[in-house]
Amino acid sequence: MSNSEAKAPTNFIRNIIDEDLASGRHDKVITRFPPEPNGYLHIGHAKSICLNFGLARDFKGRCHLRMDDTNPEKESVEYAEAIKDLVHWLGYDWGEHLYYASDYYERLFRWAEELVEKGLAYVDDLTPEQMREFRGTLTEAGRPSPCRERSAAENLDLLRRMRAGDFPDGARTLRAKIDMASPNMNLRDPVIYRIQRHHHYRTGDAWCIYPMYDFAHPLSDALEGITHSLCTLEFEDHRPLYDWFIDNISVPGRPRQIEFARLSLGFTVMSKRKLLELVREGHVSGWDDPRMPTLVGLRRRGFTPAAIRTFCERIGVGKSDAWIDMSVLEDCLREDLNESAPRAMGVLSPLRVVITNFPEGQSEEFEAANHPQKPEMGSRRIPFSREIYVERDDFMEDPPKKFFRLAPGREVRLRYGYIIRCDEVVKDPESGEVTELRCSYDPDTLGANPKDGRKVKGTIHWVCAARSLACEVRQYDRLFSVPNPGTGGADYRAHLNPDSLSILTGCRVEPALGEVAPGSRFQFERLGYFCADSKDSAAGRPVFNRTVTLRDSWAKLGQGR
RNA sequence: UGGGGCGUCGCCAAGCGGUAAGGCAUUGGACUCUGACUCCAAUAUCCCAGGUUCGAAUCCUGGCGCCCCAGCCA
């Protein structure tokens with residue numbers, strides 16, 4: 001990892017860990033990333049991954065990857081495998097410490113029995129509706145279930161029969177016996193086991209009862225020797241319950257739960273439910289659609305793991321609801337890509353230019369550096385001939401002030417090549433559209449400034465007409481047109497940005513780009529960073545995704561495209 | 001009107017009684033065969049009101065605002 005990632009900024013969790021280490025409460029740091037394999041990881045998960053694995057790295061501890069798979073209805077191996085793949089892609093390794101909550105089912109069940117034996121849990125016969133009624137409301141205490149005072153022996157028998165399959169789904173639950181009048185709803189005798197005959201992707205049909213998150217999580221943490229169990233803010237209210245289980249069950253460890261604010265990014269949505277809907281309803285092409293905030297989507301878009309790591313570090317960790325601006329992510333990306341991406345030239349919207357004083361049938365090759373600041377990245381040869389393509393946006397018939405590009409009578413430098421002057425503009429007689437520029441070049445300006453001292457301020461990218469390659473380029477923009485989709489009573493789908501994808505087919509790139517490997521990234525000079533699509537790009541027929549544009553101070557002036 | 005949190009520059013975020021770090025964004029300017037990169041420069045008195053103190057963003061009191069909780073989801 002690069003130097004810029006070396007010094008992680010401090011945050012309240014690091015402070016807590018420092019104190020725990022100083023006070024002797026813990027002598028090591030073991031964290032865990034506990035995804036439920038019921039969906040694809042997104043940038044919000046990346047924050048948690050970087051936090052947990054980053055802490056473990058910095059404190060010389062370790063971080064476990066644990067599938068929090070306690071709800072067979074929603075989970076699958078596909079998701080679990082994708083999670084492992086993406087955590088690795090992000091640059092983290094759990095070593096030997098891959099765990100599954102489902103591997104703890106037997107142990108968890110024994111702990112449930114322990115609770116029953118201690119008179120701290122009971123089997124309840126209430127229906128879901130009744131349970132809701134008995135639970136009370138935010139301002140009124142709940143009432144005890146008629147089953148609350150069953151004997152330990154009866155409860156133990158009932159619990160075992162629940163496991164044995166003696167009762168239908170949903171007929172009974174195991175509940176912790178805590179306090180039906182607690183102002184904290186989580187303490188009003190929470191359910192810890194439910195009967196649910198559903199095939200589990202790992203345990204198959206071995207179980208017909210499954211533990212709830214609140215029960216399984218703290219115990220799994222304790223079992224693995226987790227010292228700091230980090231989760232998001234909405235679990236703050238669950239901490240007393242988390243501690244209750246740790247306090248009342250003979251577990252081997254004493255993990256500490258700490259909550260932090262989840263990540264919210266502008267102009268996108270992050271909930272698994274919404275992301276799933278976007279996929280199912282076809283608003284995007286799939287989980288890996290380059291417009292999705294999923295890690296598979298970002299990867300396909302061309303994001304680098306390092307950029308995402310830097311981002312997670314830069315946004316910090318706190319307890320206030322944080323809305324991060326997309327520009328922070330984009331800046332991290334540009335910072336990384338500027339360093340690592342080789343330069344190339346591509347013309348998105350080609351405009352034919354004929355160099356009238358350059359001999360027909362003749363051609364030249366120019367030497368072009370692959371990176372302006374990094375000679376070690378080498379160079380390549382770029383073909384040039386009488387006919388070339390330049391970007392349509394780089395010509396204006398009636399240019400405003402400070403337009404340093406082509407215009408009638410104006411001179412501009414061809415990147416790595418000659419200075420040319422626009423002598424004539426050819427238009428379609430019917431539409432009036434500019435179809436071609438006739439220019440002349442100054443033969444003395446290759447790698448040199450004009451001898452007469454005249455200044456040519458603009459440099460534009462271009463490509464040889466004959467020796468360039470046609471290709472498709474997909475330009476992506478934000479998926480939603482408002483910062484917080486779904487506000488103001490509207491359905492978030494109403495805020496989908498209709499222009500989030502535009503496919504350009506007549507693009508031209510320099511010939512060297514014909515055989516690029518899928519996934520490889522380039523900076524198309526003056527345009528942005530692009531990567532060969534991992535699915536649709538093929539040898540001789542490349543397809544590029546625009547990862548992110550370059551900063552464009554011209555566009556900022558409101559003059560640009 | 002129950003409980004749990006949060007409130008420092010447009011967006012994040014340090015700060016933990018001693019006189020407001022940093023990043024992104026923004027605005028000037030330098031440099032430039034990418035209007036990129038890089039580089040300089042500019043920009044807050046800390047939700048409000050009282051109080052304690054020589055001194056408070058940091059402590060106390062009272063307000064105000066926002067978020068979360070009534071799944072046999074996680």
Side-chain angles (χ1 to χ4, degrees), chain A residues 9-12 15 34-36 38 68 70-71 73-74 124 126-128 131-133 135-142 169-175 182-188 190-196 209-210 212-214 216-217 231-240 259 261 266 272 313-332 334-335 338-339 343 345 369 371-373 402-405 412-417 419 445 447-449 456-461 483 523-528 549-557 559-560:
Chain A
T10 186
N11 59 53
F12 78 99
N15 294 341
E36 182 189 11
N38 69 343
D68 213 346
T70 55
N71 185 357
E73 209 176 310
K74 300 179 175 176
D124 199 354
L126 254 31
T127 65
M131 201 179 288
R132 196 181 322 121
E133 273 175 45
R135 186 153 33 226
T137 68
L138 294 179
T139 51
E140 301 165 41
D169 284 11
R172 295 185 213 261
T173 57
L174 180 70
R175 292 229 257 169
S182 173
N184 182 341
M185 300 296 283
N186 295 298
L187 264 22
R188 319 247 263 226
V191 170
I192 59 186
Y193 266 96
R194 75 279 211 185
I195 303 174
Q196 190 178 171
I209 60 172
Y210 291 93
M212 301 290 287
Y213 164 87
D214 283 317
H217 206 87
C231 62
T232 41
L233 253 27
E234 66 271 28
F235 291 104
E236 211 148 18
D237 284 342
H238 295 237
R239 196 185 335 131
E259 312 83 14
K272 280 186 183 176
E313 188 165 281
R314 218 173 259 186
I315 58 178
V317 180
K319 297 195 65 158
S320 54
D321 301 304
W323 276 89
I324 309 294
D325 199 284
M326 201 55 105
S327 66
V328 181
L329 217 205
E330 291 179 345
D331 185 72
C332 295
R334 291 191 184 107
E335 183 178 293
N338 177 50
E339 289 292 311
R343 315 283 121 127
M345 288 205 286
H371 190 112
Q373 279 86 234
K402 295 206 205 157
F403 182 78
F404 309 132
R405 310 178 190 181
V412 81
R413 162 147 246 138
L414 295 179
R415 179 74 162 150
Y416 304 118
I419 286 174
T445 54
N449 286 319
V456 174
K457 177 130 175 123
T459 296
I460 65 172
H461 58 280
Q523 181 197 98
F524 287 0
E525 295 210 36
R526 301 210 310 132
L527 294 174
T549 62
L550 247 31
R551 268 204 196 80
D552 190 345
S553 53
W554 170 248
K556 258 182 212 162
L557 292 176
Q559 317 269 11

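Note on naming: letters A, B, ... go to the chains in the order of the sequence lines (proteins, then strands), and numbering restarts at 1 for each one.
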J.: Taking any heavy-atom pair under 4.0 Å as a contact, classify A:Thr173: base, sugar-phosphate, or nothing.
T.: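 Result for A:Thr173 = base.
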J.: Any side-chain N or O of A:Arg334 less than 4.0 Å from the OP1 or OP2 oxygen of B:C37?
T.: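 A:Arg334 to B:C37 OP1/OP2: no side-chain N or O under 4.0 Å.
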J.: Assign A:Arg413 to base, sugar-phosphate, or nothing according to its heavy-atom contacts below 4.0 angstrom with the strands shown.
T.: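 If one applies the 4.0 Å heavy-atom cut-off, A:Arg413 turns out to touch a base.
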J.: Please figure out whether A:Asn38 or A:Glu525 has its closest RNA chain B nucleotide nearer the 5' end.
T.: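 With A:Glu525 and A:Asn38 compared, the 5'-side residue is A:Glu525.
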J.: A:Gln523 near the nucleic acid: base, sugar-phosphate alone, or nothing, with a heavy-atom cut-off under 4.0 Å?
T.: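 The answer is base, as A:Gln523 lies within the cut-off (heavy atoms under 4.0 Å) of a base atom.
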J.: Between A:His238 and A:Tyr213, how do the two ring planes meet: parallel, tilted or perpendicular, split at 30° and 60°?
T.: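 Perpendicular, since the angle between the ring planes exceeds 60°.
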J.: With a 4.0 Å cut-off on heavy atoms, is A:Ile460 in touch with a base, just the backbone sugar-phosphate, or nothing at all?
T.: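 A:Ile460: no heavy atom of the nucleic acid under 4.0 Å.
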J.: Between B:U38 and B:C47, how far is it from one C1' atom to the other, in whole Å?
T.: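 Result for the C1' pair: 39 Å, nearest Å.
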J.: Taking pairing as Watson-Crick or G-U wobble with both contacts under 3.5 Å, can you name the mate of B:C16, or confirm there isn't one?
T.: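 Per the H-bond distance test, none.
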J.: Are OP1 or OP2 of B:G71 and a side-chain N or O of A:Arg135 less than 4.0 angstrom apart?
T.: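 For B:G71, OP1/OP2 do have a side-chain N/O of A:Arg135 under 4.0 Å.
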J.: NA contact type, A:Gln373, heavy-atom cut-off 4.0 Å: base, sugar-phosphate, or nothing?
T.: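 Base contact - A:Gln373 has a heavy atom under 4.0 Å of at least one base atom.
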J.: Reckon A:Ile324 touches a base, only the sugar-phosphate, or nothing at all at heavy-atom distances under 4.0 Å?
T.: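 Counting heavy atoms under 4.0 Å across all strands, the contact made by A:Ile324 is with sugar-phosphate only.
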J.: So what does A:Arg343 hit on the nucleic acid, given a heavy-atom distance under 4.0 Å: a base, only sugar-phosphate, or nothing?
T.: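 Base, at least one base atom sits under 4.0 Å.
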J.: Output yes when at least one side-chain N/O atom of A:Arg405 is less than 4.0 Å from OP1 or OP2 of B:G35, else no.
T.: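 Answer no for this pair, as no side-chain N or O of A:Arg405 is under 4.0 Å from OP1 or OP2.
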J.: Please give the nucleotide sitting opposite B:C6 as a Watson-Crick or G-U wobble pair, both distances under 3.5 Å, or none.
T.: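 Across any shown strand, B:C6 pairs with B:G65.
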J.: Would you mind classifying the nucleic acid contact of A:Phe403 as base, sugar-phosphate or nothing, using non-hydrogen atoms under 4.0 angstrom?
T.: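 Base contact - A:Phe403 has a heavy atom under 4.0 Å of at least one base atom.
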J.: Categorize A:His217 for me: base, sugar-phosphate, or nothing, with a 4.0 angstrom heavy-atom threshold over every strand shown.
T.: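 Contact class for A:His217: none.
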J.: Checking contacts here: which listed nucleotide (B:G7, B:C24, B:A36) is nearest the side-chain heavy atoms of A:Val328?
T.: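 Selected nucleotide (nearest to the side chain): B:C24.
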J.: Rounding to an integer number of angstrom, what distance separates B:U19 and B:G5 when you compare their C1' atoms?
T.: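 Nearest-Å result for B:U19 against B:G5 at atom C1': 30 Å.
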J.: Report the distance from atom OH of A:Tyr193 to atom C1' of B:A74, rounded to the nearest whole Å.
T.: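 Distance check: A:Tyr193 OH to B:A74 C1' gives 16 Å.
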J.: Could you state the CG-C1' distance from A:Asp124 to B:C72, rounded to the nearest angstrom?
T.: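 A:Asp124 atom CG is separated from B:C72 atom C1' by 10 Å.
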J.: Taking any heavy-atom pair under 4.0 Å as a contact, classify A:Gly447: base, sugar-phosphate, or nothing.
T.: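 Result for A:Gly447 = base.
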J.: At under 4.0 Å between heavy atoms, what does A:Lys272 touch on the DNA or RNA strands: base, sugar-phosphate, or nothing?
T.: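 No contact.
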J.: Just checking A:Phe235: base, sugar-phosphate only, or nothing, at a heavy-atom cut-off of under 4.0 Å?
T.: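 The answer is base, as A:Phe235 lies within the cut-off (heavy atoms under 4.0 Å) of a base atom.
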J.: In whole angstrom, what separates A:Glu236's CD from B:C6's C1'?
T.: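 These atoms are roughly 9 Å apart.
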J.: Do we see a donor-acceptor contact under 3.5 Å between the side chains of A:Tyr416 and A:Glu525?
T.: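 Yes, a side-chain donor-acceptor pair sits under 3.5 Å.
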J.: Should B:A74 form a Watson-Crick or G-U wobble pair with both distances under 3.5 Å, which nucleotide is its partner?
T.: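 Here B:A74 is not engaged in any pair, so there is no nucleotide opposite it.
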J.: On the nucleotide B:G15, are OP1 or OP2 found under 4.0 Å from the side-chain N or O atoms that A:Asn15 carries?
T.: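 Checking B:G15 against A:Asn15, a side-chain N or O does come within under 4.0 Å of OP1 or OP2.
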J.: Rounded to whole angstrom, note down the P distance from B:U58 over to B:G15.
T.: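 Taking atom P in both B:U58 and B:G15, they lie 15 Å apart.
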J.: For B:A41, which nucleotide is its Watson-Crick or G-U wobble mate, given both distances must be under 3.5 Å?
T.: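 Matched B:A41 with B:U27 under the 3.5 Å cut-off.
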J.: Which heavy atom in A:Arg343 sits nearest to a heavy atom in A:Asn338, and how many Å separate them?
T.: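 So the minimum-distance heavy-atom pair works out to NH2-O, 2.5 Å.
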J.: So what does A:Asp237 hit on the nucleic acid, given a heavy-atom distance under 4.0 Å: a base, only sugar-phosphate, or nothing?
T.: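 It contacts base atoms.
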J.: In whole angstrom, give me the gap between the C1' atoms of B:A21 and B:A44.
T.: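 That atom pair is separated by 13 Å.
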J.: Using 4.0 Å as the upper bound for N to carboxylate O, is an ion pair formed by A:Glu36 and A:Lys272?
T.: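 No, A:Lys272 and A:Glu36 are not salt-bridged.
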J.: Testing the basics here: between A:Leu138 and A:Met185, what is the closest heavy-atom pair and its distance to 0.1 Å?
T.: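 Nearest pair, atom of A:Leu138 first, then A:Met185: CD2-CG, 4.0 Å.
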J.: Classify A:Thr70 by what it touches in the nucleic acid, base, sugar-phosphate, or nothing, heavy-atom distance under 4.0 Å.
T.: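 A:Thr70: backbone/sugar contact only, no base atoms under 4.0 Å.
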J.: Return the stacking result for B:A74 and A:Tyr213: yes when the ring centres lie under 5.5 Å apart and the planes under 30°, no otherwise.
T.: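 So no, this residue does not stack on that base, at least one cut-off failing.
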J.: Does B:G50 fall in syn (glycosidic angle within 90° of 0) or anti?
T.: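 What B:G50 shows is an anti base, its glycosidic angle lying more than 90° from 0.
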